[in-house]
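What follows is a set of notes on a single structure, which appears directly below.
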Amino acid sequence: MTQLPGLLDTEAIRKDFPVLDRVVHDGKKIVYLDNAATSQKPNQVLDVLNDYYVRHNANVHRGVHVLAEEATALYEGARDKVAAFVNAPSRDEVVFTKNASESLNLVANMLGWADDPYRVDDRTEIVITEMEHHSNIVPWQLLAQRTGAKLKWFGLTDDGRLDLSNIEEIITERTKVVSFVLVSNILGTVNPVETIVRRAQEVGALVVVDASQAAPHMPLDVQALQADFVVFTGHKMCGPTGIGVLWGRQELLEDLPPFLGGGEMIETVSMHSSTYAPAPHKFEAGTPPIAQAVGLGAAVDYLTSIGMERIAAHEHAITEYAVSRLREVPDLRIIGPATAEDRGAAISFTLGDIHPHDVGQVLDELGIAVRVGHHCARPVCLRYGIPATTRASFYLYSTPAEVDALVEGLEHVRNFFG
Amino acid sequence: MYQDVILDHYKHPHGRGLRDGDAEVHHVNPTCGDEVTLRVKLDGSTIADVSYEGQGCSISQASASVLNELLVGKGLDEARRIQETFLELMQSKGRIEPDDAMEEILEDAVAFAGVSKYPARVKCALLSWMAWKDATAQALGGGFAEERSEEKTV
């Protein structure tokens, strides 16, 4: 078995994830390499979810009975945990949503409805990048279409990095908001936040960081990022589906208007008008995803107990090993940075002219789960002139043996279609 | 799923390349990016040629090759029966075990029976067949174009 420096004790960790013992297709142990799509869930999270429904279930912030108080304490306790996890200055800066897409749509809509100085209109510009997930493209396209604002973006270099050579032409005095991904879900690239934030601050633009592929894998400190908004989703970081996070600077959350109206987000309501609850509740209309938030809190506890620095080091070692092993496979072309430097643990590639769907299907027959397609980042495929990629993505329970299984599987694919 | 017949057609496609035609269509499978450009050439009510160019997975490419082999030289009525039988097989979710009668109609195309078990791949297998149906309708001047809305929901 390959020993790499920085690896976690995956033998112990894997015991926490029952699904990793699944056997598929006549006796093949599953090799789960689709973590950028969603992570598996440890018993520590599953138990908390079950316990919530078995012992505490009630609606939050409404009842005076014991279950309602327990549910509220658990839900708000999860907010405290998430706030600590991202080093938020205040727990009130953490808004629960259903996923990162909703968080991004929420920000885009806040800015569309805001008064000056935040308002996005036909005299202003929005900046994104060509490596964004569709969830960080389409909400801004909608906002641009509805307000007349101009949408601009950073292109990509041949080696899968942002091309910031023209940063001063892209981010200008007219720029109202710059929204970009911290770690690309398709290329794996870790982007230079500081350079972009510095330029955005020079021109007074708001900065939105999509940390969906960062929060699960590395220490995330919203104060160090110096962004105005940071979004991520729970299900990629050992939590359940249906829970996402929007972190926003307190003064912005206070100043910006609500988007969804309903119960929970109000202060008083008359038939003529309403006043709103302070953030974060202003942005959490209706019964929130309570169990899911509690589950995310458990996921944060789980990740923290292992340590985000250690998880990042583990994944860096796995990525380094995977990149070097994949480069041994003839006709394999990595789409994205060719080394583990400033790179996350999602590795996209093409294999000769074998279509990714065929690669994925044959790997599946071997029990190896990868993602194939355009990964909700079709502009990246267009940029590199490919219809789709195969993507292997790793997490804290991934092992060098799984990398070896992938490489062997790819040899099998080549022989099969060769 | 990957029968030898399918792999043979994928590696050695029949009738690939665009030639003269009466109508041309371009169909795309948005979920995986498979694409086919397909032309139909009719000679009265006989299919004189089906030519195509495309990119995509082995299933979509092999299916176009099988289509070419099966339909060229056939009368339109017979070709439609083959297309409908193939559609029925592909929509069977693996429940149809092709019998001799079906095998006689579909020949090499029965090899796709296994693909029908994989919902994500059925569209790959049907791509060129839907394109052929569309192109034939156009070549006939919209003869059975009304059926198109139905096929899009497949």
Side-chain angles (χ1 to χ4, degrees), chain A residues 24-26 28 34 37-38 133-134 137-138 185-186 331 333 335 348-391 409-418, chain B residues 1-14 16-17 26-38 52-67 90 93-94 111-131 154:
Chain A
V24 295
H25 302 317
D26 305 324
K28 312 251 176 11
D34 196 15
T38 196
H133 189 281
H134 294 165
I137 298 175
V138 183
N185 75 309
I186 178 167
D331 303 328
R333 172 188 168 202
I335 307 298
S348 275
F349 55 86
T350 58
L351 189 61
D353 55 6
I354 305 171
H355 194 278
H357 269 102
D358 291 321
V359 176
Q361 196 89 52
V362 172
L363 289 178
D364 174 66
E365 285 168 9
L366 302 170
I368 302 169
V370 293
R371 168 89 192 268
V372 295
H374 51 49
H375 315 287
C376 297
R378 190 164 172 275
V380 171
C381 292
L382 294 175
R383 164 65 178 80
Y384 295 107
I386 47 173
T389 76
T390 303
R391 180 186 69 190
L410 291 172
E411 290 292 354
H412 177 70
V413 171
R414 286 186 69 245
N415 294 332
F416 195 80
F417 291 104
Chain B
M1 175 164 172
Y2 294 107
Q3 304 282 316
D4 286 344
V5 175
I6 295 179
L7 289 175
D8 272 352
H9 276 279
Y10 171 57
K11 289 173 189 169
H12 310 289
H14 291 248
R16 193 182 168 91
H26 179 74
H27 276 214
V28 176
N29 178 353
T31 54
C32 57
D34 288 345
E35 289 184 32
V36 67
T37 303
L38 181 143
Y52 62 95
E53 205 42 89
Q55 59 160 17
C57 67
S58 59
I59 302 298
S60 70
Q61 299 305 299
S63 178
S65 166
V66 169
L67 179 146
M90 294 318 298
K93 301 189 169 86
F112 289 84
V115 178
S116 72
K117 278 180 265 185
Y118 298 84
R121 307 303 297 277
V122 169
K123 281 185 185 173
C124 310
L126 285 175
L127 182 69
S128 55
W129 292 80
M130 292 309 179
V154 165

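Residue numbering restarts at 1 for every chain, and letters A, B, ... go by the order of the sequence lines.
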Quick check: are there more than 12 heavy atoms from other residues, nucleotides or ligands sitting under 6.0 Å from CZ of A:Arg383? yes

Enter the distance from B:Tyr2:OH to A:Phe417:CZ here, rounded to the nearest 0.5 Å. 4.0 Å

B:Arg121 side chain near A:Asp358 side chain, heavy-atom distance below 4.5 Å: yes

Can you give me the closest heavy-atom contact between A:Pro387 and B:Gln55, atom names plus distance? CB-NE2, 3.9 Å

Among residues 370-377 of chain A, residues within the sub-4.5 Å heavy-atom range of chain B, in order of number, are A:His374

Tell me, side chain or backbone of B:Tyr118 under 4.5 Å from chain A's heavy atoms, or both, or neither? side chain

Gap between atom SG of B:Cys124 and atom CD of A:Gln361 - 0.5 Å precision: 8.5 Å

Could you grab the distance from atom NE2 of A:His357 to atom CG of B:Asp34, nearest 0.5 Å is fine? 7.0 Å

Might you confirm whether atom CG of A:Asn415 has over 12 heavy atoms from other residues, nucleotides or ligands at distances under 6.0 Å? yes

How long is the straight-line distance from CD of A:Glu365 back to CE of B:Met1, given to the nearest 0.5 Å? 7.5 Å

Is it the case that over 12 heavy atoms from other parts of the model lie below 6.0 angstrom from the NZ atom of B:Lys11? yes

Sequence neighbours left out, what passes side chain to side chain donor-acceptor pair (under 3.5 Å) with A:His134? Give chain and number order. none

